[in-house]
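Residue numbering restarts at 1 for every chain, and letters A, B, ... go by the order of the sequence lines.
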Protein chains: 2
Amino acid sequence: MHAENFEKVMHGLGSGFDALRTAPPVACMRCTLRDLCLPLGLMEDELDHPEIQIGKRRKLVLGQPAFRAGDPFEMIYAVRTGFLKTEMLAADGRSQVTGFQMAGEVVGLDGIGEGFHNSTAIALEDSEVCQVPFNELEALAEQEPSLRRQLHKIMSREIMRDQGVMLMLGALRAEERLIAFLLNLSERFASRGYSPVEFHLRMSREEISSYLGVKVETISRAFSYLRDVGLIAVHKKHIRLLDITALKARLATPATGKSPRF
Amino acid sequence: MHAENFEKVMHGLGSGFDALRTAPPVACMRCTLRDLCLPLGLMEDELDHPEIQIGKRRKLVLGQPAFRAGDPFEMIYAVRTGFLKTEMLAADGRSQVTGFQMAGEVVGLDGIGEGFHNSTAIALEDSEVCQVPFNELEALAEQEPSLRRQLHKIMSREIMRDQGVMLMLGALRAEERLIAFLLNLSERFASRGYSPVEFHLRMSREEISSYLGVKVETISRAFSYLRDVGLIAVHKKHIRLLDITALKARLATPATGKSPRF
DNA sequence: CGCAGTTTTGATTCATCTCAATTTGTGTGG
DNA sequence: CCACACAAATTGAGATGAATCAAAACTGCG
């Protein structure tokens, strides 16, 4: 979906706002996600708070939610390790996956507006997130212009990401959606130092199909087709992109008539 | 689409940041969109700045863009009167309408992240917007906690809105999408004091179809069908919802198998 | 009043869904 | 470690919704 959304991410370690004064276990400055994260901006201007940190780490086992729709909104969550999915529930109980998040990406931003989360975030594998109390973050952002800008960028990027998904759902056919999805994963893995051509899907076909707005069978067929034409290699959840250029080309052309590219 | 998104809106009048000190033509406090807007929060806490205002009014004639994709990001825009559409351009030149905005709604938030707009906002009728310089807004928000919260809410609501559209595009069939669209307009008109059952569409069928991710012919057929079954009355762009309850019911049931409502 | 663009309607084709069966994978307990 | 039971994924065949191609009706405008 959408060219680049290796989102800069928000995170923090330790706990509480007074962390500004006390030296916490692991400061944001030393966090491994430093440059993907909120403190990125922080560091630029505010090197006088080397130990700044907000939020605390929390482990999630496979299937465990970070938060559920309806929960009061208090935190936003930065993925430190692992893989999450977010899903929205329709009124009739059916749900739709709205995104997959990997290290350095943020979930929970949708809760700000209404005071409660309207989506659910679930770990697709054992993961670790950094819980950031939003009101503390806001307060801190007040004092740190670069942090404030970073927060706004993160929210803005989420808006862009969502709009990219809209474009994909509105304009691409099933097979193209899958290609866009795979290419998007590829980019995100690449930007994290992993192989862009070979990776492991953490989500089920069902979850992919929900995200892409088609039925599981259709996704399965699309996988098979791309394998048959030699564009990808599939071994259960292990994917290898055999010809990224050709895959991109399939997105760049309106194929049968609908619009292309994400 | 999506229950409520009569977005609180950001606006301002006059111009420049120094407006904090000089008395501008029309202060936010006296703006007719006051309670839909950013100053909403402002007023709660900061009654000591009765003349506060940022941004300036700008008229747009039908078809005129407030900004274009690629333009450097400097302002966000609150619709004061009229009707806008926002659209994203795909790599191959095709475009997709990503939203329609009416009085009290904000456009341009997607530009924050990358420093340039990645969508285009165009007036669907003669309109007036309030241009708010974003960096000034950020600076002002720094001093006004309630304004800051309001800004975050607005961004968060845009995220929720987009996710609602994702759900619609991923889960509903053409006819259901149109119903969701009409019901959404209905709510937004209602929240502005207009009739929820009778209104004028400002956008073309083409634009509706782009937004809903289907072809024009399909939208036209969906209109005709809903008319034939007595759910709506259509006279060109004038729409009357004859049975809102029944329309909602069609969204609440997985119809032929796909997911409904959202 | 006639032309150009938009909207509607019709007929057909095609993509995706649906239903159903099969295969493959996974976890559990013997 | 194997066998079984259950879940996930694939494949097939047919039904159906939406796209496509084509043309007619309508709308607005000079």
Side-chain angles (χ1 to χ4, degrees), chain A residues 61-63 85 94 96-97 124-125 168-182 200-229 232-239 250 253-260, chain B residues 62-63 85 94 96-97 124-125 168-181 200-229 232-239 250 253-260:
Chain A
V61 299
L62 193 160
K85 70 169 173 182
R94 282 189 58 92
Q96 157 119 355
V97 174
L124 290 179
E125 64 182 12
M168 172 195 74
L169 292 174
L172 301 188
R173 303 181 305 104
E175 175 200 313
E176 298 171 318
R177 292 182 198 188
L178 180 58
I179 293 175
F181 172 68
L182 293 174
H200 202 78
L201 298 176
R202 270 74 172 188
M203 68 295 288
S204 69
R205 299 287 195 267
E206 179 69 45
E207 286 158 341
I208 295 173
S209 76
S210 170
Y211 178 60
L212 298 181
V214 295
K215 292 295 164 197
V216 203
E217 296 93 325
T218 303
I219 287 300
S220 185
R221 286 184 233 277
F223 268 120
S224 300
Y225 173 74
L226 293 177
R227 162 173 48 73
D228 292 346
V229 296
I232 66 174
V234 188
H235 283 0
K236 56 178 242 165
K237 294 194 169 179
H238 194 84
I239 305 291
R250 297 218 167 207
T253 316
T256 309
K258 300 200 67 168
S259 173
Chain B
L62 193 159
K85 70 170 173 182
R94 283 189 56 92
Q96 157 119 356
V97 174
L124 290 179
E125 62 182 11
M168 172 194 74
L169 292 174
L172 302 187
R173 302 181 306 102
E175 174 200 312
E176 297 171 318
R177 292 182 198 188
L178 180 58
I179 293 175
F181 172 69
H200 202 77
L201 298 176
R202 271 75 171 188
M203 68 294 289
S204 68
R205 299 287 196 268
E206 179 69 45
E207 286 158 340
I208 295 173
S209 76
S210 170
Y211 178 61
L212 298 182
V214 294
K215 292 294 164 198
V216 202
E217 297 94 323
T218 303
I219 287 300
S220 183
R221 284 184 233 278
F223 268 121
S224 299
Y225 173 74
L226 293 177
R227 160 174 49 73
D228 292 347
V229 296
I232 66 175
V234 188
H235 283 0
K236 57 174 237 165
K237 294 194 171 180
H238 194 84
I239 304 292
R250 297 219 167 205
T253 314
T256 308
K258 299 201 70 170
S259 171

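Per the geometry, CD belonging to A/E176 stands 14 Å off C1' belonging to C/dT16, to the nearest Å. The interatomic distance linking A/E175 (CD) with D/dA19 (C1') rounds to 16 Å, in whole Å. Atom NZ in A/K215 sits roughly 14 Å away from atom C1' in D/dT16 (whole-Å rounding). The interatomic distance linking A/R177 (CZ) with C/dA15 (P) rounds to 14 Å, in whole Å. In this structure, the NE2 atom of A/H235 is 14 Å from the P atom of C/dT26, given to the nearest Å. Straight-line distance from the CG atom of B/L178 to the C1' atom of D/dG17: 15 Å, rounded to whole Å. Regarding A/R173, its CZ atom lies at a distance of 13 Å from the C1' atom of C/dT13, rounded to whole Å. In this structure, A/L212 atom CG and C/dA15 atom P are separated by 18 Å, rounded to whole Å.
Side-chain atoms of A/R205 do not come within 3.5 Å of backbone N or O of A/V216 as any donor-acceptor pair. The closest donor-acceptor contact from the side chain of A/R227 to the backbone of A/A233 lies at 3.5 Å or more, if one exists at all. Although no hydrogens or angles enter the test, the distance criterion places no donor-acceptor pair under 3.5 Å between the side chain of B/R250 and the main chain of B/E176. In this structure a side-chain-to-backbone donor-acceptor pair under 3.5 Å is present from B/S210 to B/V97. Between the B/S224 side chain and the B/S220 main chain, a donor and an acceptor come within less than 3.5 Å of each other.
Note that CG of A/L169 is 7.5 Å distant from CG of A/L212, once rounded to the nearest 0.5 Å.
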Using a 4.0 Å heavy-atom cut-off to protein, can you give one letter per nucleotide of nucleotides 5-12 of chain C, 5' to 3': B if the base is in contact, S if only the sugar-phosphate is, - if neither?
--SBBBB-
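For the side-chain hydrogen bond (donor to acceptor under 3.5 Å, both in side chains) test, residues two or more places apart in sequence or in another chain that qualify with A/E207 are A/K85, A/S204.
Remark on the helix from C/dC1-D/dG30 to C/dG30-D/dC1: inter-end axis angle 40°, axes from five-pair C1' superpositions, rounded to 10°.
B/F181 is listed as a side-chain neighbour of B/L178, based on a closest heavy-atom distance under 4.5 Å.
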